[in-house]
2 protein chains.
Amino acid sequence: MNIQFKKGVLEICVLSVLAHKDCYGYELVAEISKRIDISEGTIYPLLHRLKDDGHVTTYLQESAGGPPRKYYRLTESGRKEEHEQKEEWTRFAASVNALLEGKNHAAD
Amino acid sequence: MNIQFKKGVLEICVLSVLAHKDCYGYELVAEISKRIDISEGTIYPLLHRLKDDGHVTTYLQESAGGPPRKYYRLTESGRKEEHEQKEEWTRFAASVNALLEGKNHAAD
DNA sequence: TTAGGTATCTTGTGATGCAAGATACCGTGT
DNA sequence: ACACGGTATCTTGCATCACAAGATACCTAA
């Protein structure tokens, strides 16, 4: 898979999964990996950025067989961001598809 | 527009436009900008990369009111690359869309 | 001669994904 | 007791690529 395609897209993927349910980092990797390869070295810095930006809050929860899990929950700002980025992705993907199909007139 | 979304995508956009007709750099910026913002500082390094990789060849042609234009033409390798990257983009976009719609089971 | 449109190119900066590895918890098998 | 593997979080250094800003230069028209 082209690594460059993922730039910026993984963020909206994380926001979108979190919009459905709270997750911990390791779980997000598993969820998103069903569709798109993503590694732990990517998810943790991304989650820290989201927290710094106020789009998520965190809480710890014990797990059965392993260290405690840090769950991430969308804030109001995070939900707004998820909505906006989703729209932006949709517009962007439509533009690219139009270009690739040769429909190269802005009105199409 | 989210700059990160464009990473890697502008390359397939350029290949796709060149698949329809030979273009010079300035013209490519104008063509692609109908759909997606792209600047000259992006297109020239990108075109040099494509040339280094053997995906395009170039030829000079005089212009009426300005310096000569450097036209870019796809090579056989470039056409193959255009085809492969187009498929990869389509698969990628479909995966992202499925994720954003919550259809998060690889079989969907 | 000055200004602006056309056209190519380079430099430095910023964003972000990844590989690789460190750390640590826990249960199972030897 | 000990080692191992699965679970879980995190950091460091690297590579890629888009962009802003600017340099260069050609030509026409005011």
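In what follows, chains carry the letters A, B, and so on, assigned in the order in which the sequence lines appear, proteins first and then strands, with residues in each chain numbered from 1.
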Shoot me the first and last contacting nucleotide of DNA chain D against chain B, ordered 5' to 3', at under 4.0 angstrom to non-hydrogen atoms. D/dC17 to D/dC27
To the nearest angstrom, the OH-P distance between B/Y24 and C/dT6 comes to 9 Å
Which is true for B/N2 with a 4.0 Å heavy-atom rule: it touches a base, it touches only sugar-phosphate, or it touches nothing? nothing
Go through residues 41-58 of chain A and report each residue with a non-hydrogen atom lying under 4.0 Å from DNA chain C, sorted by number. A/G41, A/T42, A/L46, A/R49
Donor-acceptor side-chain pairing of B/W89 and A/N2 below 3.5 angstrom: no
Which is true for B/E11 with a 4.0 Å heavy-atom rule: it touches a base, it touches only sugar-phosphate, or it touches nothing? nothing
Between A/E27 and A/D22, the two heavy atoms sitting closest are OE1-O, 4.2 Å
Under 3.5 Å donor-acceptor, B/H20 side chain and B/S16 backbone: yes
Nearest-Å distance for atom pair OH/P, residues A/Y26 and C/dC25: 17 Å
Grab the two heavy atoms, one from B/C13 and one from A/V96, that are nearest each other, plus how far apart they are. SG-CG1, 4.5 Å
B/Y71 vs B/Y24 aromatic rings, parallel, tilted or perpendicular, using cut-offs 30° and 60°? perpendicular
For a quick check of understanding: with a heavy-atom distance under 4.0 Å over all strands, which category does B/K6 fall into, base, sugar-phosphate or nothing? sugar-phosphate
Determine the sole option in B/L46, B/L18, B/L10 for which the side-chain contact (heavy atoms from CB on, under 4.5 Å) test with B/L28 is passed. B/L18
Starting at CZ of B/F5 and ending at C1' of C/dG17, how long is that distance when rounded to a whole Å? 15 Å
Ignoring hydrogens and angles, state whether a donor on the side chain of B/S77 or B/H55 is under 3.5 Å from an acceptor on the partner side chain. yes
B/R69 vs A/P67, nearer the 5' end of DNA chain C by closest nucleotide: B/R69
Do we see a donor-acceptor contact under 3.5 Å between the side chains of B/T57 and B/K51? no
More 5' along DNA chain C: A/L10 or B/P68, using each one's nearest nucleotide? B/P68
